Amino acid sequence: MFSNKSKKVNSVEKKSTSRNVIGKGTKIKGDFISEGDFRIDGVLEGTLKTNGRVIIGQAGFIDGKVECSNADVEGKFSGEFNVSNTLTAKSTANITGNVNVGQISTEPGASFNATCNMKGAVKELGKEKNASSSKGKQETA
């Protein structure tokens with residue numbers, strides 16, 4: 001009645017929706033790779049790579065390297081932060097180090113002492129510059 005083929009298709013179609021939590025009072029050292037989201041309310045020292053969202057709670061602290069799609073920071077971060085989409089720094093955030101983002105949102109009161117590179121803005125600026133230089137050449141011809 002049921003075939004193995006349908007079971008394989010269903011298991012492949014399911015996307016990982018796991019949520020990983022490092023609780024307050026917990027300190028972890030190491031390198032982590034996951035498809036799911038992470039919430040850090042404790043301390044993480046090391047590397048964290050995920051295709052999901054990283055949330056650093058108000059009591060949370062990450063010291064190391066993070067690669068993720070989106071991030072919300074209420075606590076502290078120190079190191080290299082690579083966010084492919086949006087980094088949101090809440091009013092209690094304290095971010096230091098090197099930050100590479102697609103977009104950034106910073107609430108008043110957030111401490112942002114980092115070197116920041118916005119990937120999307122450079123491309124858009126380059127397109128505008130090329131368009132304006134092309135217009136200038138057309139007008140002079």
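Because the structure is predicted, anything quoted here is derived from the model rather than measured.
Listed by chain and number, the hydrophobic cluster partners of Phe61 are Val43, where partners are ILVMFWY side chains within reach of under 4.5 Å, directly or through others.
Only one option out of Val66, Val83, Leu87, Thr88 pairs with Val73 in a side chain to side chain contact (heavy atoms under 4.5 Å, CB included); it is Leu87.
The side-chain hydrogen bond (donor to acceptor under 3.5 Å, both in side chains) test applied to Ser111 returns Asn113, not counting sequence neighbours. Under the salt bridge (charged side-chain N to carboxylate O under 4.0 Å, His left out) criterion, Glu67 pairs with Lys65, sequence neighbours left out. For Asn20, the side-chain hydrogen bond (donor to acceptor under 3.5 Å, both in side chains) partners at least two apart in sequence or on another chain are Ser34. Under the rule for a side-chain hydrogen bond (donor to acceptor under 3.5 Å, both in side chains), Ser84 has no partner lying at least two apart in sequence or in another chain. The side-chain hydrogen bond (donor to acceptor under 3.5 Å, both in side chains) search around Asn51 returns Glu35, not counting sequence neighbours. Shown here are the ring-ring contact (aromatic ring centres under 6.0 Å, His included) partners of Phe38, two or more places apart in sequence or in another chain: there are none.
A salt bridge is absent between Asp37 and Arg39; no separation between the charged side-chain nitrogens and carboxylate oxygens falls under 4.0 Å.
Pairs engaging residues 72-100 under the ring-ring contact (aromatic ring centres under 6.0 Å, His included) rule: Phe77-Phe81 [sequence neighbours left out]. Counting only residues at least two apart or in different chains, salt bridge (Lys or Arg N to Asp or Glu O under 4.0 Å) contacts with residues 70-79 comprise Arg53-Asp72.
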Under 3.5 Å donor-acceptor pairs involving side-chain atoms of residues 100-108, not counting sequence neighbours:
residue: Asn100; atom: ND2; partner: Asn82; partner atom: OD1; Å: 2.7
residue: Glu107; atom: OE1; partner: Ser91; partner atom: N; Å: 3.0

